[in-house]
Protein chains: 2
Amino acid sequence: MSTIYDVAKRAGVSPKTVSRFLNGDAPVGRSTRDKVERAIAELGYVPSSAARTMRSNRSGLVGLITGAITLTPRRMALGGLPDIEIVQGILRELEESGLTLLISDTGGKSERIPNLIRTFQEHRVEGIIFVADHHMKVTLPGIAGDTKLVLANCFDDAGSPAVLPNDRSGQKALTEGLIARGHRRIAYLTLGPEMKATRLRVAGYRDALAIAGIPFDPALVTAANLSADDHLAEEQLLWDALDRVLTIEDPPTVLCLGNDRMALRAYGMLRSRGLTLPDDISVAGYDDHTLITETLYPQLTTVKLPYAAMGVRAARLLTSMVRDGSAAPEAPVLVGGPAVWRDSVRPGPANRITELPMRGRNPA
Amino acid sequence: MSTIYDVAKRAGVSPKTVSRFLNGDAPVGRSTRDKVERAIAELGYVPSSAARTMRSNRSGLVGLITGAITLTPRRMALGGLPDIEIVQGILRELEESGLTLLISDTGGKSERIPNLIRTFQEHRVEGIIFVADHHMKVTLPGIAGDTKLVLANCFDDAGSPAVLPNDRSGQKALTEGLIARGHRRIAYLTLGPEMKATRLRVAGYRDALAIAGIPFDPALVTAANLSADDHLAEEQLLWDALDRVLTIEDPPTVLCLGNDRMALRAYGMLRSRGLTLPDDISVAGYDDHTLITETLYPQLTTVKLPYAAMGVRAARLLTSMVRDGSAAPEAPVLVGGPAVWRDSVRPGPANRITELPMRGRNPA
DNA sequence: ACCGATTATGACATCGGTGTCATGACATCG
DNA sequence: CGATGTCATGACACCGATGTCATAATCGGT
């Protein structure tokens, strides 16, 4: 591989002049410019970023830590949400920035992270983005030097700059929309209580109720999901929760679920109770996992989890910190996603459930 | 960020001794070793790969060009095969190799490739892996220097080292299995003729027939897929092809499809003709796209497209070329995938279709 | 015609490692 | 005991860019 000296010699100028031509940091004469240009083309010269990095102490590299590449196909097969869309957003935003992305995949094994970070540091990355697969708290090993860190879809105790989905506003927007469509008795079968999203979304749900002056009824809200990989137990838990909220005194006219996959299951369970969607009861999910939401009949109303947008925001945040040295924001950047209205929610006031639901029998 | 000189000074030794400690290329005394170790820990020293690259002319970097990160979610939503599994295989194989992967995503726009390659060259990658989303021919811009290139799931005119799925052996294995299960009239509705896989798989199909002494009947083999994004036209084409092969004199007892998605469609069409699977007719796909094959009822017999294994092989090929300077293989590396037998193929001899199929009516 | 300003260019040191060669302290062997 | 070899270490140059400073050429203004 030829060097800047080879180019200089061939063009009959000094290396520094070639450097000036390449970087445009000082004027270069017309004829010199042409000679250098020709020499570069003839030699197929490509500057060495290693040398440039050494001199300027700026590598132009950004590191990305994620498990999405390894885990996405598996997760999607299970109906999980493709967190790889966060990575896509990052790629898109970084494309024009002149920064090069170094991607490391954890394969879901967090014990690998220190090694990945070390490799990044050897390459003197100017910043690191850590992407989590769901809204969660993380604890990363300290990062030496002045390497910037941005967390996407997660946060830590150290208050590192973070980009998070606005779970509260999402559920609030959904609930407000339901109220606007005439619903007053809104059940909410949430994700597990250990999920960070759960508390926030319930808060959003209550925000919307409060604004509309509808009293909060604890009987309508219950956790109905496990994080564990126990499908049978999950199925049972959801069935029980569903049975419970449907058989209270003043039953709900709409069922909000913690995610689209729960909604998918709920469809089957509701139908096995002889209910028609959305005429007998409306249903809403969360995530806007299009593989589910647009495939179901009726298509599922849900809240979009703005993963791509979060990736864009995270990358933008990092570039501004790296390039302009701008300070990290005090509070996490919250990215909202809109409620997506499809056919699983009746556009007008809801019917009441008239038939007597079966009690406590497990489907199939 | 501290340097090797800082470490040397703190440990009271020369930089070269620190270098020897780090690389183990010459013996270092016990007490010196301890002092250096302590200094490194105290300073949090991490060597600079830029400096190392410059001196040794070896960057330890490998470039990967793919569209999988951007396109996988979309493709999976459409029932396409996750070529990201190739990337996974590469990641897994490279993990222990000490090489660091620089991933670039084309976003499906091949005009970006020259820029990506240029960036790789600036970083002096030792090799580049190009991953295509299906078995195809590609034409890449020349890569200067002695950068090695490995193609995964594709090949070029220049005879660059390539890792390809063994489409011929795959379809042969499937067909042999069908014959072993008593089938003699085996229809094959292939992918479009422009797909590289098509010719190879038909050859494998004929190989198996020839071995079993079954004459090849052209009426049983027909292209039934478009690459275009025209779902309606595809549906029509498949319906027509299916109608044609089912209504010939001596109709098939099993239907092989060009991929799992076609098989998924065929299920619906066969049922709309009143046929029961697999009793009236058996069906087989290709790809082993588990989201389809394991969700369908009956579960779909298919041939596994060994994407992860291909990634592993591609990475292994590149590392051996980069590290040991071993020569590129003359012929493409063919990676076979097994036939996966599920319930869509009757384990015993097949029934004959007795009812008269409807003719030329498009389903629903 | 002279001067300061601007333009165009080059010499040289430097970034942080490592390859090469040299050197001093011991151990081994005939 | 002296020759030879091994071990442990250091001095120095070099990889390929670029920042700093110096210098030569050109120009406009008076």
Rounded to the nearest Å, what distance is computed from the [atom1] atom of residue [X] to the [atom2] atom of nucleotide [N]?
{"X": "Arg55(A)", "N": "dA13(C)", "atom1": "CZ", "atom2": "C1'", "value": "8 Å"}
{"X": "Gln121(B)", "N": "dG16(D)", "atom1": "CD", "atom2": "P", "value": "15 Å"}
{"X": "Phe21(A)", "N": "dG10(C)", "atom1": "CZ", "atom2": "C1'", "value": "18 Å"}
{"X": "Asp6(A)", "N": "dC15(D)", "atom1": "CG", "atom2": "C1'", "value": "12 Å"}
{"X": "Leu43(A)", "N": "dG16(D)", "atom1": "CG", "atom2": "P", "value": "13 Å"}
{"X": "Ile40(A)", "N": "dA17(D)", "atom1": "CD1", "atom2": "P", "value": "10 Å"}
{"X": "His123(B)", "N": "dG16(D)", "atom1": "NE2", "atom2": "P", "value": "17 Å"}
{"X": "Asn57(A)", "N": "dG17(C)", "atom1": "CG", "atom2": "C1'", "value": "14 Å"}

From [options], pick the nucleotide closest to the side chain of [X]?
{"X": "Ala26(A)", "options": "dG17(C), dT9(C), dC15(D)", "result": "dT9(C)"}
{"X": "Tyr45(B)", "options": "dA17(D), dG17(C), dC15(D)", "result": "dG17(C)"}
{"X": "Lys16(A)", "options": "dG16(C), dT18(D), dT9(D)", "result": "dT18(D)"}
{"X": "Pro27(A)", "options": "dG10(D), dT7(C), dG17(C)", "result": "dT7(C)"}
{"X": "Tyr5(B)", "options": "dG16(D), dG17(C), dG10(D)", "result": "dG17(C)"}
{"X": "Thr17(B)", "options": "dG17(C), dG10(D), dT14(C)", "result": "dG10(D)"}

Do [Y] and [X] meet the salt-bridge criterion of a basic N to acidic O distance under 4.0 Å?
{"X": "Arg33(B)", "Y": "Glu37(B)", "value": "no"}
{"X": "Arg52(A)", "Y": "Glu122(B)", "value": "no"}
{"X": "Asp34(B)", "Y": "Arg30(B)", "value": "yes"}

Distance test, side-chain N/O of Ser19(B) to OP1/OP2 of dT18(C), below 4.0 Å
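Checking dT18(C) against Ser19(B), a side-chain N or O does come within under 4.0 Å of OP1 or OP2.
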Could you tell me whether the phosphate oxygens of dG10(C), OP1 or OP2, come under 4.0 Å of any side-chain nitrogen or oxygen in Ser14(A)?
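The answer is yes; a side-chain N or O of Ser14(A) sits under 4.0 Å from OP1 or OP2.
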Ignoring hydrogens and angles, are the base of [N] and the side chain of [X] linked by a donor-acceptor pair under 3.5 Å?
{"X": "Arg124(A)", "N": "dG16(C)", "answer": "no"}
{"X": "Arg52(B)", "N": "dT18(C)", "answer": "no"}
{"X": "Arg20(A)", "N": "dG10(C)", "answer": "yes"}

Which is more 5' along DNA chain D, the nucleotide nearest Ile4(A) or the one nearest Thr32(B)? Just name the residue.
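Its nearest nucleotide being more 5', the pick is Thr32(B).
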Do the side chain of Ser19(B) and the main chain of Pro15(B) share a donor and acceptor less than 3.5 angstrom apart?
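Not at all, since once roles are kept as given, no pair shorter than 3.5 Å links the two residues.
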Can you check whether Met1(B)'s main-chain N or O pairs, donor with acceptor, with Arg124(A)'s side chain at less than 3.5 Å?
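No: the side chain of Arg124(A) does not pair with the backbone of Met1(B).
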Determine which nucleotide pairs with [N], using a 3.5 Å limit on both distances of a Watson-Crick or G-U wobble pair.
{"N": "dC21(C)", "value": "dG10(D)"}
{"N": "dT30(D)", "value": "dA1(C)"}
{"N": "dG30(C)", "value": "dC1(D)"}

Looking for any heavy atom pair under 4.0 Å, which part of the strands does Ser56(A) touch: base, sugar-phosphate only, or nothing?
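If one applies the 4.0 Å heavy-atom cut-off, Ser56(A) turns out to touch nothing in the nucleic acid.
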Describe the nucleic acid contact of Val28(B) in one word from base, sugar-phosphate, nothing, applying a heavy-atom distance below 4.0 Å.
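Sugar-phosphate, backbone atoms only, no base.
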Which heavy atom in Ser326(B) sits nearest to a heavy atom in Met321(B), and how many Å separate them?
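Closest heavy-atom pair between Ser326(B) and Met321(B): O-CG, 3.4 Å.
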For Leu22(B) and for Arg30(A), find the nucleotide of DNA chain C with the closest heavy atom, then tell me which residue's nucleotide is more 5'.
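Result: Arg30(A).
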